[in-house]
There are 2 protein chains.
Amino acid sequence: MSKHDATPEANGAAGEPRLSRASVQRFSLYLRHLERWKKEGLEVVSSSQLGDALGINDAQVRKDLAYLGNLGQPGIGYYTQELISALRYRLGVDHTWNAVLVGVGNLARALLRYGGFAQQGFRFVGLFDADPQKVGQKIDGLQIHSPEKLAAVIAAERVDLAVVAVPAAEAQQVADALVAAGIKGILNFAPTLLRVPTHVSLIAVDLAVQLEQLAFLVHLAQQESTDAR
Amino acid sequence: MSKHDATPEANGAAGEPRLSRASVQRFSLYLRHLERWKKEGLEVVSSSQLGDALGINDAQVRKDLAYLGNLGQPGIGYYTQELISALRYRLGVDHTWNAVLVGVGNLARALLRYGGFAQQGFRFVGLFDADPQKVGQKIDGLQIHSPEKLAAVIAAERVDLAVVAVPAAEAQQVADALVAAGIKGILNFAPTLLRVPTHVSLIAVDLAVQLEQLAFLVHLAQQESTDAR
DNA sequence: GCAACATTGTGCAAAAGTGCACAATCCTTC
DNA sequence: GAAGGATTGTGCACTTTTGCACAATGTTGC
């Protein structure tokens with residue numbers, strides 16, 4: 001969904017194998033499972049356990065994890081805590097990220113209430129909405145500001161990330177304001193392609209597209225079962 | 001995110017080039033841009049226009065579109081309307097899909113209000129929530145049912161798709177009930193890996209993972225700019 | 001009707017991603 | 001302290017995806 005933004009290559013050095021885009025996609029999922037297992041008291045995990053959890057090959061898991069350094073113990077596996085720390089460090093979630101949320105609709109409320117973010121080290125420090133009726137209200141202790149205050153809050157709170165959850169028609173305008181305010185990354189839920197400078201990272205989640213993909217898979221399965229007759 | 005479910009190969013015939021997984025991912029995006037352009041009065045589009053819109057190579061676009069048949073006119077491009085029809089047909093969104101929504105929280109409300117679905121041919125015909133307080137309430141004219149009625153509604157309304165927006169702990173249980181009720185595809189927003197039979201298609205959207213990916217991209221960009229010094 | 005131009009469809013090669021297989025390593029048991 | 005079992009790291013081959021380059025085709029202007 002975001003094929004044409006910042007490249008995930010990160011080696012000052014020369015011939016080292018680059019960190020593959022696909023691997024990074026899986027890193028978050030590894031992390032989630034590891035943290036659950038850690039809570040359940042599992043001190044050591046193997047590549048095949050992780051592979052099963054994600055539905056992928058165990059060799060793939062080992063190759064992914066090799067990017068973190070040689071953490072694996074042959075004959076044993078990986079120490080859960082060590083792996084978690086390495087993953088968090090490599091993903092950049094070993095410290096808290098401050099984020100703002102623009103567009104306080106139902107999606108925004110859902111995101112705020114969804115505990116997963118806080119647990120992963122993300123902290124929403126500002127809400128913004130253009131609707132004057134909403135400005136001044138509080139949600140979960142956070143006040144809704146007018147968009148004019150974007151730059152001020154972003155500077156004052158050292159905000160790096162922004163979530164855009166406004167209608168498609170306003171999204172680009174919001175993005176431009178965020179970029180101007182010095183934001184470094186945008187998570188876009190508006191169903192439109194945002195144009196941002198290369199120094200700003202962008203991830204887009206298009207919910208309608210996801211449902212369409214699902215429809216396609218079902219459509220396909222039906223065709224196949226028809227063909228098979 | 002859903003690498004191990006239904007395969008997108010759909011050829012009864014023998015040696016035809018299979019419809020590539022990556023292409024399908026882009027089909028929805030092509031469709032969105034085409035529908036916008038159509039509205040703006042554009043009768044004809046070229047592969048390079050589409051490529052620019054998606055940030056990919058124009059040859060890639062032509063290869064994707066070749067799966068729809070030889071719609072392109074050399075020297076001209078593609079007729080917008082014809083391409084839209086072909087895409088909708090191939091994606092299976094040339095007719096309306098009925099869907100149910102399980103778990104009526106803020107995310108569900110956001111999805112219901114999000115016009116994109118109706119526009120793309122998706123219709124929510126039933127809401128379900130285990131909370132007795134919510135059962136009986138109405139949202140946008142749709143009544144919230146108890147989960148016990150899942151099977152009945154799914155059968156009566158010919159529902160093929162379900163959106164799961166319940167907490168992670170309940171998701172698998174809900175999925176099992178949906179599968180038992182004969183659902184054909186599940187769009188899962190719960191941050192957990194659902195296990196479903198192979199004849200049920202599955203797409204998972206994990207919002208926390210997306211934010212983590214964004215953090216990684218920003219983290220990486222910062223490292224790079226540090227390295228460059 | 002012909003030259004100039006734009007654009008498609010596709011063979012081919014390069015790149016990226018995946019999976020197998022096996023040597024190397026470590027633990028456990030006797 | 002040696003054998004057996006478990007597990008990693010990785011070379012190699014295979015598959016999928018992407019990008020280039022160009023012949024083939026259609027349009028437009030004169």
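Both backbone and side-chain heavy atoms feed into the values below; hydrogens, waters and symmetry mates do not. Chain letters run A, B, ... following the sequence lines, proteins first and then strands; every chain starts at 1.
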* Closer than 4.0 Å, any side-chain N/O of B:S47 to the OP1 or OP2 of C:dT7? -> no

* To do: Figure out the CD/C1' separation between B:Q25 and D:dT18, and round it to whole Å.
  => 15 Å

* Hey, could you give me the CD/CD distance between A:Q81 and A:E35, rounded to the nearest 0.5 Å? => 9.0 Å

* Asked: Given atom CZ of A:R21 and atom C1' of C:dA16, what is their separation to the nearest angstrom?
  -> 11 Å

* Which residues within residues 57-66 of chain B lie with some heavy atom under 4.0 Å of an atom in DNA chain D? -> B:N57, B:A59, B:Q60, B:R62, B:K63

* Scan residues 73-85 of chain B against DNA chain C and write down, sorted by residue number, each residue with any heavy atom closer than 4.0 Å; if none is found, say none. => B:Q73, B:P74, B:G75, B:I76, B:G77, B:Y78

* Roughly, in whole Å, what's the span from CG in A:L54 to C1' in C:dT18? -> 15 Å

* So A:Q172 and A:D176, side chain to side chain donor-acceptor pair (under 3.5 Å) or not? Walk me through it. -> CA-CA 6 Å; A:Q172 184 61 56; A:D176 292 344; 2.9 Å; yes

* Nearest whole angstrom, please: distance from the P of D:dG19 to the CG of B:L50. => 15 Å

* Structure fact -> B:I56 atom CD1 is separated from D:dG19 atom P, nearest whole Å, by 8 Å

* For the atom pair CD (A:Q213) and CZ (B:F27), what is the distance rounded to the nearest 0.5 Å? -> 10.0 Å

* To the nearest 0.5 Å, tell me how far A:L65 CG sits from A:R26 CZ. => 10.0 Å

* Asked: Is A:E212 close to B:W97 at the side-chain level, that is, under 4.5 Å between some pair of heavy atoms?
  -> no

* Over 12 non-hydrogen atoms of neighbours within 6.0 angstrom of CZ in B:R36 -> yes

* Structure fact -> In this structure, CG of A:L50 is separated from CG of A:D64 (nearest 0.5 Å) by 9.5 Å

* Asked: When you check the gap from the basic side-chain N to the acidic O, do A:D94 and A:R88 get nearer than 4.0 Å?
  -> no

* Contact class for A:S48 (heavy atom, under 4.0 Å): base, sugar-phosphate, or nothing? -> nothing

* Within the pair B:S20 and D:dT17, is there a side-chain N or O less than 4.0 Å away from OP1 or OP2? -> yes

* How long is the line joining OH of A:Y67 and C1' of D:dT8, in whole Å? -> 16 Å

* Separation between CG of A:D58 and NZ of A:K63, rounded to the nearest 0.5 Å -> 11.0 Å

